Amino acid sequence: MTYRVAVVGVGPGREVDISGKSHAFAYEHADAYADREDCELVACADIEREYAERFAEEFGIEGGVYEDHGTMLDEADPDLVSVCTPIPTHAPIVTDCAEADVEAVHCEKPMADTWGAARRMAEVCEDAGVRLTFGHQRRFGDPFRQTKELLDEGVVGDLERIEISWGNFFDNGTHSLDLAAMFNDEHPAEWVMGQVDYSKEHVRYGVPTADHAFVSWQYENGVHGIAATGDDVPLSGGSYDFYDCWHRLVGTEGVIELGRREEPALRYRRDGEGWTEVEVDDEFDGRVDLAIDDVVRALSEDGETELRAEHALNTTEILFAGHESSRRRGRVELPLEIDDHPLVSLIEAGEIEPTEPDDRPPHPSEADE
Ligand SMILES: NC(=O)c1ccc[n+]([C@@H]2O[C@H](COP(=O)([O-])OP(=O)(O)OC[C@H]3O[C@@H](n4cnc5c(N)ncnc54)[C@H](O)[C@@H]3O)[C@@H](O)[C@H]2O)c1
């Protein structure tokens, strides 16, 4: 069986300077499909025709160039669609794919711009029997896989707490909390409490994104999570080193430190013993090829993939609940019963106004806006 694959939102191209906010991630998806014998890239769509033409030329897509994904779905009849557009467009495009009867949609992270949209896109796909997955490819990176193996081997006993200190809470947080979910065997959370700060404007992939956040939560199996993100994290000189590592995993008999600023990137220490260093491949960005491999394998075997919507919803619920806790000024019990993005609602109501402008260079595709 050869799957007909289409990509929506291809980006300006890999040759474009990517020092700005984003980097045409569709090329990573397409590289993975192009390497497979069971997939054929048959169509692509981007509202910027020039981008779609550039992408089609590189991947040998003949006649399948579109500006409108709806026309693409009607005419190209793909089995599998990768959605790599800005966040607010994920849910509507995924919904259109489900209504067009595709077999599977692999959508980029974070799921959606509101909690309601995230839930609805998952429901629509579930009802239509469409496999929906998300681009949390970091979990396939060697450092994260080796960490999971250490936990499974019980080198630090039973996991009790996951501490995260990396990037921002929403866009980077979707990765770091997805990894936390993997470390904790995909248990959903029971409650979330947190505070987020939006004094510095930061619109990332179309959604206002709080950099400085402090959020804690408890999973159903009793494990605790804490995330401290942002450049102004207390006790640190940067977004990265509150715990001097991305993830610090505290067990009943020791601790694992992963993604350390200094070498080694991964190490663990059993209580009463010194540190043991673990050599890892430099795959902190994850492996898109293995993620797509998992998606296509699940499709062909009628099996499950780790990247399924059910797992992504668990993580996304914590992300939105952290913002909701900030709005309510209190702990939020799950399931989360809101529809919006609390930070966006507060900004729109004039209750939060950033005092510092976003001073990062625009992404090439946003330069004219
Ligand atoms: N998994 C990861 O590690 C990772 C890394 C980078 C980006 N991403 C995600 O990928 C997505 C895109 O990011 P990017 O860096 O590729 O952005 P990008 O700006 O380079 O590309 C997005 C493209 O989508 C197009 N587009 C916008 N609306 C559209 C629509 N309605 N129909 C068709 N095309 C449309 C834009 O013209 C643009 O070319 C985001 O959700 C981002 O979070 C994920």
Side-chain angles (χ1 to χ4, degrees), residues 6-32 43-56 64-73 76 81-97 105-113 117-118 121 133-141 144 166-168 170-179 202-209 246 283-292 294-295 307 312 315-316 319 360-369:
V7 181
V8 185
V10 299
R14 59 170 120 229
E15 301 305 324
V16 175
D17 176 7
I18 56 159
S19 59
K21 295 173 185 168
S22 54
H23 60 315
F25 209 65
Y27 281 75
E28 308 253 350
H29 287 227
D31 283 340
C44 63
D46 198 294
I47 48 175
E48 300 288 344
R49 185 163 190 92
E50 180 199 337
Y51 296 172
E53 280 170 355
R54 189 177 295 147
F55 185 88
V65 174
Y66 299 88
E67 284 163 52
D68 169 51
H69 70 275
T71 313
M72 182 199 81
L73 291 167
V81 181
S82 264
V83 177
C84 303
T85 53
I87 304 162
T89 61
H90 290 176
I93 293 174
V94 167
T95 302
D96 289 345
C97 290
V105 184
H106 186 50
C107 180
E108 264 312 325
K109 44 51 60 176
M111 288 184 84
D113 56 342
M121 73 201 284
T133 50
F134 290 89
H136 288 134
Q137 82 286 345
R138 286 185 201 256
R139 51 165 70 215
F140 293 98
F144 308 111
W166 176 55
N168 62 66
F170 187 68
D171 181 56
N172 301 133
T174 193
H175 280 303
S176 56
L177 270 79
D178 176 68
L179 293 163
H202 184 179
V203 177
R204 195 164 171 89
Y205 302 121
V207 176
T209 300
W246 283 15
E283 293 179 359
F284 282 90
D285 287 341
R287 292 275 304 268
V288 175
D289 58 336
L290 295 181
I292 294 218
D294 206 47
V295 168
L307 301 173
T315 286
T316 306
L319 296 179
R360 286 156 310 111
H363 182 273
S365 64
E366 295 170 333
D368 296 329
E369 288 173 11

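Computed from a prediction, not measured in an experiment: that's the story for all the values here. Every number for a ligand or one of its atoms is a count from 1 in the order of the listing. No hydrogens, no waters, no symmetry mates; every other heavy atom, side chains included, goes into these values.
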Going by the atom numbers of ligand 1, which of them fall below 4.0 Å from some non-hydrogen atom of Pro86? 24 (O), 26 (N), 27 (C), 28 (N)

Does ligand 1 have an atom that lies less than 4.0 angstrom from a heavy atom of His175? yes

Indicate yes or no: does an N/O atom of Ala26 lie under 3.5 Å from an N/O atom of ligand 1? no

Taken in chain and number order and not counting sequence neighbours, the residues that satisfy side chain to side chain donor-acceptor pair (under 3.5 Å) with Thr95 are none

Under 4.0 Å from a heavy atom of Tyr51: which atoms of ligand 1 are those, numbered in the order shown and with their elements? 39 (O)

How would you list, by chain and number, every residue that makes a salt bridge (charged side-chain N to carboxylate O under 4.0 Å, His left out) with Asp178, sequence neighbours excluded? Arg139

Does an N or O anywhere in Lys109 fall below 3.5 Å from an N or O of ligand 1? yes

Using a 3.5 Å cut-off on N or O atoms only, is Gly11 in polar contact with ligand 1? yes

Short N/O distance, under 3.5 Å, between Gly135 and ligand 1? yes

Would you please test Glu108 and Phe25 for side chain to side chain contact (heavy atoms under 4.5 Å, CB included) and show each step? CA-CA 9 Å; Glu108 264 312 325; Phe25 209 65; 3.2 Å; yes

Just which atoms of ligand 1 are under 4.0 Å from any heavy atom in Glu108? 1 (N), 2 (C), 4 (C), 8 (N), 9 (C), 10 (O), 11 (C), 41 (O), 44 (C)

With respect to Phe25, determine whether any N or O atom, backbone or side chain, lies less than 3.5 Å from an N or O atom of ligand 1. yes

Could you tell me whether Val8 approaches ligand 1 through its side chain, its backbone, both or neither, with non-hydrogen atoms closer than 4.0 Å? side chain

Answer yes if the side chains of Asp96 and His69 hold a donor-acceptor pair under 3.5 Å, and no otherwise. yes

Going by the closest heavy atom to atom 34 (N) of ligand 1, which one wins out of Asn172, Ile47, Asp68? Ile47

Does some non-hydrogen atom of His90 fall short of 4.0 Å from ligand 1? yes

Can you measure from CG (Asn172) to CG (Leu177) and round to the nearest 0.5 angstrom? 11.0 Å

Would you say the side-chain atoms of His90 pair up with the backbone N or O of Val83, donor to acceptor, closer than 3.5 Å? no

Is there a polar contact, in the sense of an N or O pair closer than 3.5 Å, between Asp46 and ligand 1? yes

The atoms of ligand 1 lying under 4.0 Å from a heavy atom of Pro12, numbered in the order shown, are 20 (O)

Take the angle between the ring planes of His29 and His106 and call it parallel below 30°, perpendicular above 60°, tilted in between. tilted

Could you tell me whether a side-chain N or O of Arg138 sits under 3.5 Å from a main-chain N or O of Phe284, the two making a donor and an acceptor? yes

Can you measure from CG (Asp285) to CZ (Phe140) and round to the nearest 0.5 angstrom? 15.0 Å

Where is the tightest heavy-atom contact between Cys107 and Met121, given as atom of each residue plus distance? SG-CE, 4.4 Å

Do any N/O atoms on Thr85 end up under 3.5 angstrom from N/O atoms on ligand 1? yes

Does ligand 1 come near enough to Arg138 that some N or O of the ligand is less than 3.5 Å from an N or O of the residue? no

